[in-house]
Amino acid sequence: MSAALTLTDLSKTFPVGRGVFGAPKATVKAVHPITLTVAQGETLGIVGESGCGKSTLARMLVGLLEPTTGTIEIDGAALDNADPALFGKRIQYVFQDPISSLNPRKTIRQIIEAPLIHLHGMDRAQRTRRIAEIFASVNLREEFLDRYPHEFSGGQAQRIGIARALAAQASILILDEPVSALDVSVQAQVLNLLADLKRELGLTYLFISHDLAVVEAVSDRIAVLYFGSVVELGPAEDIFRAPRHPYTKLLADSAPVVGRPLTAPEGRETELPDPLNPPKGCAFAARCPRASDRCRAEVPVLERQGAVDVACFHPLVAGEE
Amino acid sequence: MGRYVLRRLISAVPVLLGITVIVFAIMALIPGDPATAILGSYATPENVEKLNRDLGLDKPLVAQYFIWLGNMVQGDFGTSFSLNRPVIDEVLERFNATLVLAGTAFVICSVLGIAAGVVSAANQYGWADKAITFVVLLGISIPSFFLGMMMILYFAVSLRWFPVSGMWPIYGTRDIWALLDHLVLPASALAVVATGVIARLSRSAMLEVLRQDFIRTARAKGVHERGVIWRHALRAAMVSIIPVLGIQAGFVLSGAVYIEIVFQWPGVGRMLVDAILTRDILLVQGGVVFVAACYVMFNIVVDVAQSLLDPRIKT
Amino acid sequence: MIGFLKLLARNRLALAGGIVLFLVVVLALVTPLLPLAEPNVTNTSARFLRPFSDGALMGTDHLGRDLLSRLLWGTRLSLAVGFAAAVVAATLGAAIGIIAGFYGGRTDNLIMRGVDMLMAFPYILLALAIVAALGPGLFNALIAVAAVNVPFFARNIRGITVGIAHKEFVDAARLAGLSNTKIILTEILPNVVPVIVIAMSTTIGWMILETAGLSFLGLGSQPPQADLGSMLGEARSALITNPHTSVVPGLMILIIVMAINLLGDGVRDALDPRLKSGALSRPMASTMVRRQGPVPEPEGKGLLEVQELQTQFHVRDRNYRAVGGVSLHVKPGECLGIIGESGSGKSVTVLSVMGLVASPPGVITGGAVRYDGADLIGAPYRKLREMRGRNVAYIFQDPQATLHPLYRVGDQLKEAIRAHHGIGRDEGRARAIELLKAVRIPNPEQRLTDFPHEMSGGMRQRVGIAMALANDPDIIIADEPTTALDVTVQAQILSLLDDLRRSRGLAIVFITHDFGVVGQLCDRVAVMYAGRIVEEGPTQAVLEAPTHPYTARLMACVPELGGGKRRLEAIPGLPPVVDNLPMGCAFADRCDRVQADCRKGEIVLERQGARAVRCLHPVTPLTEAAE
């Protein structure tokens, strides 16, 4: 299996506040250097809580944000220029909020046509043919084309958003919480559609979500993000069943599951570290029951341990409680 | 808090400099040379040249600017040729009168405007709301100078309740009562427009806030509706009302120009209009810079008030 | 466009303003064609003729010029100048605002600094300075008025543009390969134009006033040519002796500006989408009640008993039946879960209990809500207020939005107590600390003086819970209290609620869309769909053997942690809109067990022991499930 997407030391630092002369007062590391490979045809799930940097990562991947360091390679070719139009043909984005990702003053046809015109320079006949193809594949009727976004429900609007991403003919889709704004009964429809499209078109997905169960259901591998770093990366079927990183375990234990008695999985400090004043060692150390002095002094790096990569000095052994 | 005030004061320096640059640049556009205007019929070429040298007008513009600025910083705004007295003395005296007028009007329009807006929003679509909305519409549609003239006709000439014009009685004592007597009509005429604007804005700000979730929380706690309106909603609405008060203060100051003319109020606005008509440039420059600087200071007060009200503003 | 005009015409005041303005504009346009006296010809022998004199309908001025003629010509001039100034200011201001807002960063900084600089002047000073430099004259007055208004437009439009530039559809356009210029023209501009139009229509009146003002001061139109402002200015010296010369132009300005303002407000209301649905209505202190039909008899089932409750939203000519006859009850110490998707009516049901449904548009149209047997629907506001927070307390979804942003959490807690009990300062503080301790907030003494924005989401929700506990209520209604929270925080809040319930004997009504949460917390569960309960029963039993096809399929389509990668059992179609419910079962169109009889007539909620289901062809027969 060849790599569709390779990230090397990709990171993002934001300046915070401005001093008298416009120089930033401080910086916040939203994404610490991340190195990842997504194989052709794979779905890589990225899971994390609010503030973990998952949206920043996604926006860098499609060129909407320029990375502070690192490179992005698609099919072995580096894309270091943050030009969305250049990215657009190879990698596309499906937004979280389906309604606000559609311009309220454009018809659906104008919205879907934009990438066909600007990325592929198609003429009218080609466009009509292509739109028909795309609409058929996302189960939308062509009579929707001349309507405006507000006439659609969230689920339909998300299909339109997916259709727009497909129109660019990119082989990689970044799905940023694509179903979290949808009702549960509609979520499954969209998730199944995404699975079908992937199979039919040979797409590669990066699926970002805060919902562990959803990520687990759609992914081949899952990366767990905490405070801007990948803390664990492994096969989807193992990662929550037998977590190695204490944070992954905390996540898995916190998810409400029918039949499991209600317990507070942690009683201690629950706050995320202050991004303006990050801890010296492991970001999770303050919340971690296994933390040692080393964890508070040194940042653990992601290392292969069996089938998974873990960034922890004291990982859990499979099966241990 | 102290640091915030200090920071705002420091950030006002470039704004003040900008104001002087803008005023200077506009004045530099004036065609012809001021010396000719000043000397009038005495404008022989020798006299003009001498005066230009005395005024520093033979130097390049940039140098002129810095000389003018340097003098101003030391409190020397030059001498008004039409009045033959230092600009700063005239401006200070006139600004006092304007401050009395505009300050009174500002207090009136803030209190009345906010109260009317709150009552209007609290009784949306009720008779009080409709009445207030209508009066407000009338208020923002009437030119203040016309309103002032009509008030003179009715309250001063027909009813003889108040004096027709001026700030002080020509004869008699200059006490606070005499001043108030003269102040009622111009201050009310001046306050009307701003009251209307503030009332409208307060109403819509209140309506916006009343739909927020925290209002529902207050009600769910069992807070009395009075408390919901005046304690919860108004406090939150003030966050968007206060900046408008700052802007309206500028409108009140502006409107004062008309009112001062209509009511013969010896304020800085009337002085400026006269100075423009007599082309007394130093007086115009000095007056504009001084009033604008005061307004900048006032806006710092507004910002500080806002930061006291809203803890989310970083101090 | 047609919809916009219709909306505008529906607003009677705007229509009136529009008609008046139309007449004035027509009059101004045809002025040169009318048989009027020359406006500038003086006739000192006929000075100050009164209105309705021979040959001078409105009289003459101090130079004996015909006032009617001067008025119409002046109106023509004033309208033209005001309108031109508005167009110039709006165009320039909008262009500057869009560029600053779209590009942001340094460009924005530089432009906005300049704008701030201009706005640091009281506007008339700037106008006076410009006129002083350019010399008096109407055209120069126009330039001055337009120039001083540019910053206001620029700032306003910039704010709107920043909001739009950060919308996801702009990102999407970038990814579709659009250049910045194209994005401004096709994505930003069409969304900004309504705002520009609104800003313009609400400021034209103001511009006319301002130009008239400059003319009034003698700095605008120069004699003999007159606009309305200079007519007033010239008439001022004869104000007391011949008031008609002032009144005529003054009234004309008033009429024009008022007409424009009325029309402008109408345009704003018609273009502003927030106003379209009547969303800017002020919610009343308690939900409106217009109960039709008989009040159900008390059944004595629990502490809180909701019987056949119907709550509707009346929006324009539509009637959304958000809650269409819901019956529920909860006993002391019991936790009842209500589960459903958005629009199922679960929130509206519980908000109706204490009359907290926003009204307008909400109206309770039927049924009863009984607390300890006494009906609360239609109870006087005073009674409801006394019960809110004391007997029935609420916890809401988003703690960021539900706490007052400008009060310290300690004060908000104390206020909750004070709403029902007069307590002193120290006692209030002590109670507040006690409450924060009860919800396990560390360092409660210090947290009292925190503002909500200084706390994390989880901490804020704890404060929300503490506030609900403030008066020791018997019932807590929790409306999706953990939906906005991260999963690790959610687990803590849920276990806190569970502990509180057990230690204080609270009855909890818990609303959620998550089966996992219901399974862990609730004794009984009610499933809602399209405003009605479709299934009810003990949680364990319902989750193990759902009887209604909707329950069964909803459970199946939600992935559960630990299931690995799999295909989900999606439910086809969409939930129905509750303003036009189909006959019979609302789920029929999406159901795979549907038969012809499902679409005929009312289907009742059938009870068998602790279980109830509203279905003719249940997945598991009710008799079997109830065992």
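Chain A is the first sequence line, chain B the second, and so forth, proteins listed ahead of strands; every chain is numbered from 1.
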Using non-hydrogen atoms only, which part of C/Ala358 is less than 4.5 Å away from chain B: side chain, backbone, both, or neither?
neither
Between C/Tyr123 and B/Phe251, what is the ring plane arrangement, given parallel below 30°, perpendicular above 60°, and tilted in between?
tilted
Salt bridge or not between B/Glu225 and C/Arg388? Use side-chain N to carboxylate O under 4.0 Å.
no
Residue part contacting chain B, namely of C/Phe216, when any heavy atom lies under 4.5 Å:
side chain
In terms of heavy-atom proximity below 4.5 Å to chain B, should C/Ile395 be classed as side chain, backbone, both, or neither?
neither
Proximal component of C/Met258, with respect to chain B [non-hydrogen, under 4.5 Å]
both
Quick one: what part of C/Glu210 sits under 4.5 Å from any heavy atom of chain B, side chain, backbone, both or neither?
backbone
Test of ring centre spacing under 6.0 Å for C/Trp206 and C/Phe152:
no
For C/Ser359, side chain to side chain donor-acceptor pair (under 3.5 Å) partners two or more places apart:
none
With a 4.5 angstrom heavy-atom cut-off, which part of C/Leu403 approaches chain B: side chain, backbone, both or neither?
backbone
With a 4.5 angstrom heavy-atom cut-off, is it the side chain or the backbone of C/Met387 that approaches chain B, or both, or neither?
neither
Turns out that what part of C/His404 lies under 4.5 Å from chain B's heavy atoms comes down to both
Of the listed residues (C/Ala259, C/Ala285, C/Gly389, C/Gly233), which shares the most heavy-atom pairs with chain B below a 4.5 Å separation?
C/Ala285
If one checks every heavy atom of C/Arg390 against chain B at 4.5 Å, the contacting part turns out to be neither
Separation of C/Leu356 CG from B/Arg219 CZ (nearest 0.5 Å):
8.0 Å
Sort C/Phe451 into side chain, backbone, both or neither according to what part of it lies under 4.5 angstrom from a heavy atom of chain B.
side chain
Take C/Tyr407 and B/Phe214, measure what ring pair (Phe, Tyr, Trp, His ring centres under 6.0 Å) needs, and give me the verdict at the end.
CA-CA 11 Å; C/Tyr407 286 108; B/Phe214 60 80; 9.2 Å; no
Interface moiety of C/Leu351 toward chain B, non-hydrogen atoms closer than 4.5 Å:
side chain
Distance from B/Ile261 atom CD1 to B/Ser165 atom OG, nearest 0.5 Å?
13.0 Å
Looking at C/Asp116 and C/Arg113, is there a salt bridge between them, counting it only when a charged N and a carboxylate O are closer than 4.0 Å?
no
